2 protein chains.
Amino acid sequence: MGAPALTDDKAPRPPGDLGGLEGIIGFHIRLAHGAVYRHFTETFADLDLTQKQVSALWLVSEFPGISQIELGRRLRMDRATTMTIVNRLQARAFMRRERSTSDARKQALYLTDGGVEALAKARRCIAQHEAWLKARFTAGEAEKLVEMLARIHE
Amino acid sequence: MGAPALTDDKAPRPPGDLGGLEGIIGFHIRLAHGAVYRHFTETFADLDLTQKQVSALWLVSEFPGISQIELGRRLRMDRATTMTIVNRLQARAFMRRERSTSDARKQALYLTDGGVEALAKARRCIAQHEAWLKARFTAGEAEKLVEMLARIHE
DNA sequence: GCGGAATTGTATGCTCTACTAACGATTAGG
DNA sequence: CCTAATCGTTAGTAGAGCATACAATTCCGC
């Protein structure tokens with residue numbers, strides 16, 4: 001008991017009040033992720049790329065010839081999810097698949113010229129997006145935040 | 001130039017290496033959110049409740065009679081998304097809708113007895129989930145993390 | 001070397017979340 | 001009183017994640 005009724009409009013608690021949810025770390029991660037996701041989507045509206053697609057382009061650029069399973073491992077995606085990402089990027093001619101010469105089970109992934117170009121544009125958008133994010137923190141805080149988040153995803 | 005080939009299996013970089021992605025705050029928030037989401041889903045497998053559903057139950061419990069639009073505002077969901085959440089919870093008889101007496105446009109949301117019970121169980125699962133999360137941090141760190149995440153979602 | 005187990009890619013189908021656009025009902029403001 | 005704004009609702013679209021099943025390939029024990 002004690003929770004005040006809101007049937008009338010004399011709301012006694014401010015609109016941002018989240019009650020007991022306020023102290024839950026997981027809840028804040030969820031909201032923060034949502035906010036970042038929304039801003040990302042706006043920033044990348046012109047490029048029409050999602051976070052996952054950009055991450056995949058980026059990783060394939062840094063690890064040319066990487067296999068799908070390895071790409072998925074680093075981005076914490078399962079095989080099926082990785083497939084749909086790569087399918088879309090291949091359909092837009094940003095990426096191509098080749099059978100690996102060392103292991104015929106694997107596909108080796110490479111960026112096409114169009115993919116390199118798209119990634120270059122994406123990097124500029126990411127810089128902008130990150131600037132929006134980092135404006136809230138000092139350099140030390142940003143570093144600490146990244147380090148703590150890394151502890152969560154191992 | 002510079003990026004080592006992975007066509008062969010002499011991978012010169014460790015499997016956790018994310019290259020330039022490492023420094024991107026948004027990327028770490030994404031991965032952390034994924035990890036939290038996965039653990040949450042495991043923890044709540046028996047209850048068959050999602051993060052959003054639990055958050056909604058919790059908020060309606062703290063603000064009985066809250067309108068859908070207000071619920072959505074606090075959880076950063078639009079009206080359509082809020083609808084589907086409330087629909088599911090109502091279908092499982094955890095929540096009921098009533099027309100607001102003060103504003104006939106609004107629905108006033110209340111937990112049913114089943115909803116109260118489900119929330120009680122959910123709270124125990126959340127405690128477990130949060131303990132898993134908090135094990136990585138000191139009390140001070142956890143507080144700082146929450147505060148920094150709050151800066152992101154305002 | 002051979003046969004069974006594990007790995008990788010692929011296809012299919014389901015779910016949750018989120019968004020847009022439209023519409024009707026109700027309320028609020030000039 | 002009439003118009004604009006708000007709220008709920010429905011329908012459609014899309015990304016992301018997961019499970020399952022299957023084929024091809026490789027690996028390992030014998």
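Computed from a predicted model, the values in this text were never measured in an experiment. Hydrogens, waters and symmetry mates are skipped; everything else that's a heavy atom, side chains included, is used.
- Contacts of A:Thr50 with the nucleic acid, taken as non-hydrogen atoms under 4.0 Å apart, involve only primed sugar atoms and P, OP1 or OP2.
- Distances were taken from every side-chain heavy atom of B:Arg97 (C-beta onward) to each of C:dT17, C:dT26, D:dT9; the shortest belongs to D:dT9.
- Here D:dG15 presents its P atom at 11 Å from CG of A:Leu49, a figure rounded to the nearest Å.
- Comparing A:Arg88 and A:Arg99 by the nucleotide of DNA chain D whose heavy atom lies nearest to each, the residue mapping closer to the 5' end is A:Arg88.
- Side-chain atoms of A:Lys52 lie closest to D:dA16 of the nucleotides C:dA25, D:dT26, D:dA16.
- Distance CD (B:Gln68) to P (C:dT26): 16 Å, rounded to an integer number of Å.
- Inter-residue side-chain proximity for B:Arg151 and A:Leu145 is flagged as unmet; no heavy-atom pair is nearer than 4.5 Å.
- Between A:Gln107 and A:Tyr37, the residue anchored nearer the 5' end of DNA chain C, judged by the nucleotide with its closest heavy atom, is A:Gln107.
- For the pair B:Arg74 and B:Phe63, the cation-pi test (distance below 6.0 Å, angle within 45°) is passed.
- Each of C:dC19, D:dC7, C:dT27 was ranked by its minimum atom distance to the side chain of B:Arg73; first place goes to D:dC7.
- Side-chain proximity of B:Met83 to the nucleotides D:dC18, D:dT10, D:dA16 is greatest for D:dT10.
- Summarising the geometry, the separation between NZ on A:Lys106 and P on C:dA6 is reported as 18 Å, rounded to the nearest angstrom.
- For A:Thr81, the listed nucleotide lying nearest its side chain is D:dA16; candidates were D:dT6, C:dA18, D:dA16.
- Judged by atom type and distance alone, A:Arg79 reaches the base of C:dG9 through a side-chain donor-acceptor pair under 3.5 Å.
- In the set C:dT27, D:dG8, D:dT26, the nucleotide with an atom closest to the side chain of B:Ala104 is C:dT27.
- Results of the ring-ring contact (aromatic ring centres under 6.0 Å, His included) test with B:His33 over A:His153, A:His28, A:His33 single out A:His33 as the only residue that passes.
- Checking D:dG17, C:dA18, C:dT10 against every side-chain atom of B:Met77, the shortest atom distance belongs to C:dA18.
- The aromatic rings of A:His39 and A:Trp132 sit parallel to each other, their planes meeting at less than 30°, with 60° as the upper class boundary.
- Contacts of B:Ala80 with the nucleic acid, taken as non-hydrogen atoms under 4.0 Å apart, include base atoms.
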